[in-house]
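Worksheet: one structure, shown below.
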Amino acid sequence: MPRRVMKEILATVINNLADGILVTDEQGHITLYNQKAQALLGIKGRTALGEPVKDYIKNEVLVGLINKILTLDLPFHTEEICLIDSGDSKLRVHVCPVRDENALLIGSVSLIHDTSQLSAIDKVKSNFLAMVSHQLKSPLSSTLLQTSILLDGMVGEVNEKQKDLLQKIKAKTKGMSDLINDILDVCYIEEGGYVTQIEFLNLSEILKRTIEVVQPQTQDKGINLQITVEDHLPFMHGNKSSMEAMCINLIMNAIKYTLSGGQVSIDLSKNGQCLQLKVSDTGIGIEEKDILRIFDKFYRERSERTKHISGTGLGLSIAKGVVDAHHGSISVESEVGNGTTFTVLVPIR
Amino acid sequence: MRGKKILLVDDDADFVEATKIILESRSYDVTVAHDGKEGLRKAQTEQPNLIILDVMMPEMDGYEVCTKLKSDTKYRHIPILLLTAVGEAIPTTKYTMEMGMKTEADDYIPKPVEPIELVERVENLFRISGSKT
């Protein structure tokens, strides 16, 4: 095939790609872009070729990424992936360096993918899940109440065997109800709902209320609860119900994985421009292979030592989702058999 | 405490039946409404001593019923216990207890609820409202 024909075919293919493509030279001048990139990035006219990328691309994040790739000139293959807002659409961009056969940096190539449709589908899925969960939750609440009535002997005596079966029904139903609550929380985090209602929060007050809620469980299990809260902590900017969810999930988790007679310590203090919440336990600890996955949705360590512990596998992913939404960080240190410490840092504002 | 009239407003027939059994076991006189509109009407006609109000209901939700009653001087004194269907011991979703509080409900309780807890909350509300008058 003649070179000229090849070139034409290549140009046509690039122009018909479903994703946008934008190429620059090592100086950051635009050398190639297709129709999709033109549409997604709002490049006006055909005059952009040869011009500096910063003059023609309005999106500062993308321009910044391209500059970073070109100026850092790292010896190994690098790639920057980022979600950017461009008008009504959400774009996912991949920026990679372009090198010649001698590995010399000769430019950058950006792939631009429109995720608006995906986000819309995700939202539909999220709403659907929330709706289904609500529909499931109501009957479960009734079933739980009905079971309690039978168990309490309000509608007649029950014998030991019946009581045992009813207790099992109740425990299973409660488990399902907990799972639905967690799913609703996850949906809400994914919808970004927590970020919209921001107020001044007294985290020590939230922590106090959480501890009141978990106290009966620690007493039942014979766990020593140690609480240290620094005096005069500043209020933080955040979403109240989500911070409550974060606290309760971390603390309940610690209680759940600590054996009778163990200790759970909660420590709230100021650390630079952040509030720091440390939840430590003397529990069973987390195996190294599991530590990277504990924040994944529905992930639970499955082994002999955890099989008797019930849970939804969503608690820690909720906690992480909340911390992320507040631009904070969550880290974990653990030693099998000795216990686990979760450290949360959330910016005060 | 005995012989007091409680209006129970919830669209879930099973939940209503179970709650009625619990309250009647404590000798309360229970009247039932199956949606927000009926609840509001019965609150006005039946003059209950206390209202247990579900949040998520067709026609008119619990918050609206609560706000309507609390803004009317004739019914403001009736204690209202809101039942929030979503959220556990601590509210964690959209329909938070926080919203329950903002609607001037006198107390709130998350579903699923334990019979003993429900009874305690009801008795507590009667105690508080009794000491006020």
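Every chain is numbered from 1 and lettered A, B, ... according to where its sequence line falls, protein lines coming before strand lines. Just so you know, these numbers use all the heavy atoms, side chains as well, and skip hydrogens, waters and symmetry mates.
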For the side chain of B:Lys70 and the backbone of B:Arg76, is there at least one donor-acceptor N/O pair under 3.5 Å apart? yes
Residues B:Asp12 and A:Ser142: side-chain donor-acceptor under 3.5 angstrom: yes
What residues of residues 144-158 of chain A sit under 4.5 Å from chain B when you count only heavy atoms? A:Leu144, A:Leu145, A:Gln146, A:Ser148, A:Ile149, A:Asp152, A:Met154, A:Val155
Does the distance from a Lys or Arg side-chain N to an Asp or Glu carboxylate O, for [X] and [Y], drop under 4.0 Å?
X	Y	result
B:Glu46	B:Lys42	no
B:Glu114	A:Lys174	no
B:Asp72	B:Lys68	no

Below 4.5 Å from any heavy atom of chain A, which atoms of B:Asp14 appear? Answer side chain, backbone, both or neither. both
Nearest-0.5 Å distance, NZ of residue B:Lys74 to CD of residue B:Gln47: 8.5 Å
